[in-house]
Every structure is written in C-alpha cells, then in structure tokens.
Protein chains: 2
Amino acid sequence: MKDGPTIAEIAALIGDPARANMLMALMSGMALTAGELAREANITAQTASGHLARLAEAHLILREVQGRHHYFRLAGQDVAGALEGLMELAARHGGLRARPGPRDAAMREARVCYDHLAGTQGVRLHDAVLRQGLVVATVDGLGLSPAGRARFAAEGIDIAAVERPGRPACRACLDWSERRHHLAGRLGAALLQNFQQRGWARRDEGGRTLRFSRAGQAGFENFLAVTVAAPQPIYGG
Amino acid sequence: MKDGPTIAEIAALIGDPARANMLMALMSGMALTAGELAREANITAQTASGHLARLAEAHLILREVQGRHHYFRLAGQDVAGALEGLMELAARHGGLRARPGPRDAAMREARVCYDHLAGTQGVRLHDAVLRQGLVVATVDGLGLSPAGRARFAAEGIDIAAVERPGRPACRACLDWSERRHHLAGRLGAALLQNFQQRGWARRDEGGRTLRFSRAGQAGFENFLAVTVAAPQPIYGG
DNA sequence: CTGTTGTTTCGGCCGCGCCCGAAGCATTCG
DNA sequence: CGAATGCTTCGGGCGCGGCCGAAACAACAG
C-alpha cells in the first residue's frame with residue numbers, strides 16, 4: 001500500500017551500536033578480520049559473527065576468506081557515502097556528548113579517513129585551504145575558488161577530475177578526535193594521494209595511522225604556510 | 001574507548017519501519033500533519049506522536065504548530081541526502097522484493113521526489129538526457145557533457161549554479177513506482193523548477209502529484225525528442 | 001458552556017533481537 | 001595424529017522499545 005522499500009531494514013542494520021562501530025572501523029578503507037571487528041565493537045566473537053553475517057547478506061560489507069581468517073571490508077563507495085551522510089546528521093546537533101577520540105597519539109595526529117587525511121593535520125589542512133581562499137564556502141557547502149584551481153593544479157592535482165560531478169569536490173568531514181572539520185571529498189582524496197605519491201607520508205603497516213617523513217613534514221608545512229595575494233570573497237552569501 | 005559518535009542512534013531512528021515510512025513521505029518536500037503521517041505509516045495517532053517527537057528531538061524533522069494542527073517537514077537538505085544514500089543502498093541489491101509502487105495512476109505518471117521530477121515522466125527524462133548525451137556516465141556517477149551545458153543553458157538553466165560543488169550536479173535516483181532511475185541532483189531540481197516556471201506542469205494541491213498542462217506536455221515531449229548531432233562518448237570508463 | 005477534532009501523555013502488554021555460554025567446523029602447527 | 005586458533009551455529013535468557021487503549025490537553029465551533 002505504501003511505496004518506500006526496505007530503507008528501514010538498511011537503517012536498522014546500521015542502527016545497532018555494535019554494527020555501527022564495526023562499520024565505522026571499516027571506514028578506514030582497510031579490510032579487517034572478524035576478531036578485530038569484534039574487539040572494535042567490544043563484543044564476543046559469536047555475537048560479532050552474527051552481525052557480520054547480516055551485514056554481508058545485506059551487501060553492506062564483503063567477506064574474503066583467507067585460511068582461517070575472514071576479512072571484511074565495506075562493499076563500496078555508496079556504502080561509505082551513506083555512512084558519511086549519517087555521520088553528518090550525527091554531528092549537526094548535540095555533537096557534544098560524543099565519546100573521546102582515538103587514544104593513540106600518532107593516530108590522533110594524522111590518519112586516513114576512508115580516502116582522505118584526518119586527525120590534527122587533516123584539520124590544519126582544512127583550515128589552511130579555507131584561510132588561503134583556495135576553498136571557499138558557498139551557499140551550501142564548499143567549492144574550489146579560481147585561485148584554488150590554479151594552486152592545486154600547480155601542485156599536480158587533476159582539477160578536471162576533482163570537479164567531476166557525482167561526488168562533491170570539497171567537503172567538510174567531522175574529525176572524531178579533533179571535533180572539528182577536516183577536508184574530504186574528491187579534493188581531500190586527491191591531496192592524500194598526492195602526498196603519498198610525493199613520499200611525504202605513508203600509511204602505517206596494517207593501520208590507518210599516517211606517518212610523515214621528515215621531508216614530507218617540511219613540504220606539508222610549507223604547503224600550509226603559503227598565502228595568496230588577496231583573500232577570495234565568500235560568494236553566495 | 002571507541003571513536004564513532006552516535007551514528008547508530010540516528011540510523012536506529014530511521015531503522016524503524018513506521019518512522020522510515022513517515023520520513024519517506026516527507027521526502028516529497030511537503031509539510032504533513034501528524035495525522036497524515038500516522039496514516040502514511042499505518043499506525044495510530046498516539047504511536048505516531050511518539051515517533052514524531054523522537055524524530056524532532058534528533059533534529060531529523062521540524063515541527064510547526066498551526067492552530068490544532070502540527071505540521072512536520074524534513075529538517076534540511078542533509079537529512080534528505082542521508083535518506084537518499086540509504087535509498088541507494090536499499091535499491092542496489094534485492095530490490096525485487098520491494099513493495100508495489102503508488103496506486104494513483106496520476107502519481108505514478110509524474111510526481112515530485114523531494115525537489116525533482118519522478119514517475120514515468122521522470123524516468124523518461126533521465127533516459128532522454130542520457131540517450132542524447134546531455135548527461136554522460138563518468139567513472140563514478142553522472143555528469144554534464146559540453147553539449148549538455150550548452151543545451152540546458154539554452155533552456156534557461158543556470159549551469160554555473162548546477163555545477164556548484166556541495167551536491168552532485170546529476171544523480172540517478174531510483175524511482176519506486178518504475179523501478180528504474182530518474183534524474184535527481186541539482187540538474188533534476190533545476191529542471192523541475194524550470195518546467196514549473198514555464199507553466200508546463202504544476203503541483204497538485206496538497207499532494208506530490210504533478211500535472212502537466214496540454215502545452216506543457218507538448219513542450220516536454222519536444223524536449224525529450226530532440227537529438228544532438230553526435231552522441232557524446234563516455235569518458236573515464 | 002458542551003461537543004468535536006487533532007494531538008499528546010500515561011500505563012501496560014508483548015515480541016523482536018541482542019547477547020553470551022557451549023558446542024561444532026575449518027585451518028594451521030607441532 | 002592431537003592441540004591451538006579463528007570463526008560459526010545453536011539454544012535460551014532478558015531487556016529495550018514499538019504498539020495500542022484510555023484519558024488528558026488544546027483549539028475551534030456552536
């Protein structure tokens with residue numbers, strides 16, 4: 001009698017704290033074993049097994065069996081997108097009562113959030129590109145300014161690819177450890193890739209922590225420090 | 001000890017069938033009364049009242065009291081976006097076992113889905129712009145082609161506004177009655193607005209059904225029929 | 001004032017589903 | 001082969017939350 005499909009079932013799957021914690025852990029983009037995910041969610045292995053089976057059956061995650069280990073990862077970009085949408089809603093109001101961030105100091109400093117830079121350095125990057133006017137606030141979100149296009153192109157970023165539709169070029173993603181926004185979207189992903197290709201930073205083996213090299217730290221600092229001649233206006237009001 | 005905020009609470013709110021049905025009803029973009037929403041969800045007024053209070057407390061919906069009627073509407077674009085993300089996931093796999101579409105023939109023909117055209121005509125629009133190469137598939141989603149920019153600009157669409165970041169310019173949104181995609185995103189919203197401004201179609205009083213005028217039907221048909229000289233290639237993939 | 005309609009609050013029933021203990025497979029190692 | 005590890009299935013306890021009936025509250029009509 002009503003339209004509307006089984007969106008409720010999907011949301012109910014994500015709506016359980018244990019499952020939500022596992023999905024958030026998988027937002028790092030890595031594949032994790034059932035045991036690791038059970039520990040992430042603070043539940044026993046049996047309980048986790050049941051949850052993972054349900055998530056896999058709903059095609060929210062994919063299972064890959066290697067020997068006696070079962071690896072799980074997010075089923076795709078659309079799942080990550082849906083989770084991001086929920087994260088935005090969770091962050092909007094009453095974000096105060098959220099739990100404290102990751103304990104690991106290195107992880108708090110710099111880590112990967114699905115495909116972009118997060119942590120203290122991620123927030124600094126977000127603030128810097130805004131302060132420099134490379135990214136500007138528009139009526140509803142963030143966008144590249146002309147100065148930003150020129151600058152990022154000079155840094156080796158493919159601007160046409162970044163501004164391709166289907167996914168926002170720039171996006172403010174809430175940082176769980178910093179309680180402030182870091183830079184996500186296509187630009188965030190392209191910049192992280194760029195940093196890694198330059199050898200500025202590389203991912204910790206089997207973790208989401210990001211480690212900057214000495215030269216990389218210097219290059220990154222230099223990147224943050226550069227200022228443009230005239231600050232860009234905020235268009236759209 | 002874990003990061004991850006209250007995303008589970010948000011998802012759990014959407015994860016109840018009754019609440020999900022109410023939210024889907026509000027995806028029409030209209031404000032509906034508590035009683036109407038109770039009927040949409042097939043529950044009694046008391047139960048609906050409790051649900052609506054919880055949704056409002058979580059800032060997923062907004063309440064507006066007029067006399068003895070309480071009107072509710074989605075809290076904003078971000079809520080609609082999160083719901084769309086879940087709709088995509090719900091549609092991806094096993095969409096077969098979903099319920100039949102709206103009964104009303106007129107509504108099945110053309111209706112408003114939040115801010116864009118849905119129903120048979122919405123699907124036709126989606127197929128037409130793709131067939132004509134005005135919108136092309138990219139590596140991850142849909143985008144405007146150069147021919148599309150020219151054509152839509154000629155139709156009176158503000159291309160710069162459509163391609164502004166923060167929301168995809170083009171987007172395929174699953175149509176519940178047709179089980180196929182219709183055109184959403186900024187372009188979908190701009191086109192619906194354009195059609196209404198031209199007097200081609202107008203919204204049914206107090207409903208989401210869209211009624212085309214005789215001239216509007218002709219103009220729309222003409223719009224769909226036009227073909228470009230050379231079909232645009234699909235880039236990126 | 002009384003009566004009607006729309007909405008909310010209260011109280012209690014009841015079932016879904018989350019959870020863990022125990023046991024059963026599967027894989028690897030010695 | 002038996003022991004250890006990783007994961008799954010089975011069974012049952014139990015608590016959270018959705019649901020409705022009854023009643024109170026609010027707005028309007030007469």
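To find a chain, count down the sequence lines: A is the first, B the second, and so on, and within it residues start at 1.
- Protein atom CZ of A:R63 is 12 Å distant from nucleotide atom C1' of D:dG6, rounded to whole Å.
- Considering only residues two or more places apart in sequence or on other chains, A:A190 meets the side-chain contact (heavy atoms from CB on, under 4.5 Å) condition with A:I157, A:V162.
- Applying the side-chain hydrogen bond (donor to acceptor under 3.5 Å, both in side chains) rule to pairs touching residues 187-198 of chain B yields B:E155-B:R198, B:N194-B:R198, sequence neighbours excluded.
- Taking side-chain N and O atoms only, A:H70 has a distance below 4.0 Å to OP1 or OP2 of D:dT8.
- With sequence neighbours left out, A:R19 forms a salt bridge (charged side-chain N to carboxylate O under 4.0 Å, His left out) with no residue at all.
- Reading DNA chain C from its 5' end, the first and the last nucleotide to sit under 4.0 Å from a heavy atom of chain B are C:dT4 to C:dT9.
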For this session: Take nucleotides 18-30 of chain D nucleotide by nucleotide from the 5' end and write B, S or -, depending on whether a protein heavy atom sits under 4.0 Å from the base, only from the sugar-phosphate, or from neither.
Result: SSBBB----BS--
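- With sequence neighbours left out, B:R54 forms a salt bridge (charged side-chain N to carboxylate O under 4.0 Å, His left out) with no residue at all.
- In this structure B:Q46 satisfies the side chain to side chain donor-acceptor pair (under 3.5 Å) test together with B:T44, sequence neighbours excluded.
- Atom NE2 of A:H182 sits about 13.0 Å away from atom CD of A:Q121, to the nearest 0.5 Å.
- Checked against side chain to side chain donor-acceptor pair (under 3.5 Å), A:H126 has no partners two or more places apart in sequence or in another chain.
- Screening residues 113-126 of chain B for salt bridge (Lys or Arg N to Asp or Glu O under 4.0 Å) gives B:D115-B:R167, B:R124-B:E221 as the qualifying pairs, with residues at least two apart or on separate chains.
- Counting non-hydrogen atoms under 4.0 angstrom, B:A45 reaches a base of the nucleic acid.
- In this structure, CG of B:L13 is placed 17 Å from P of D:dC16, rounded to the nearest angstrom.
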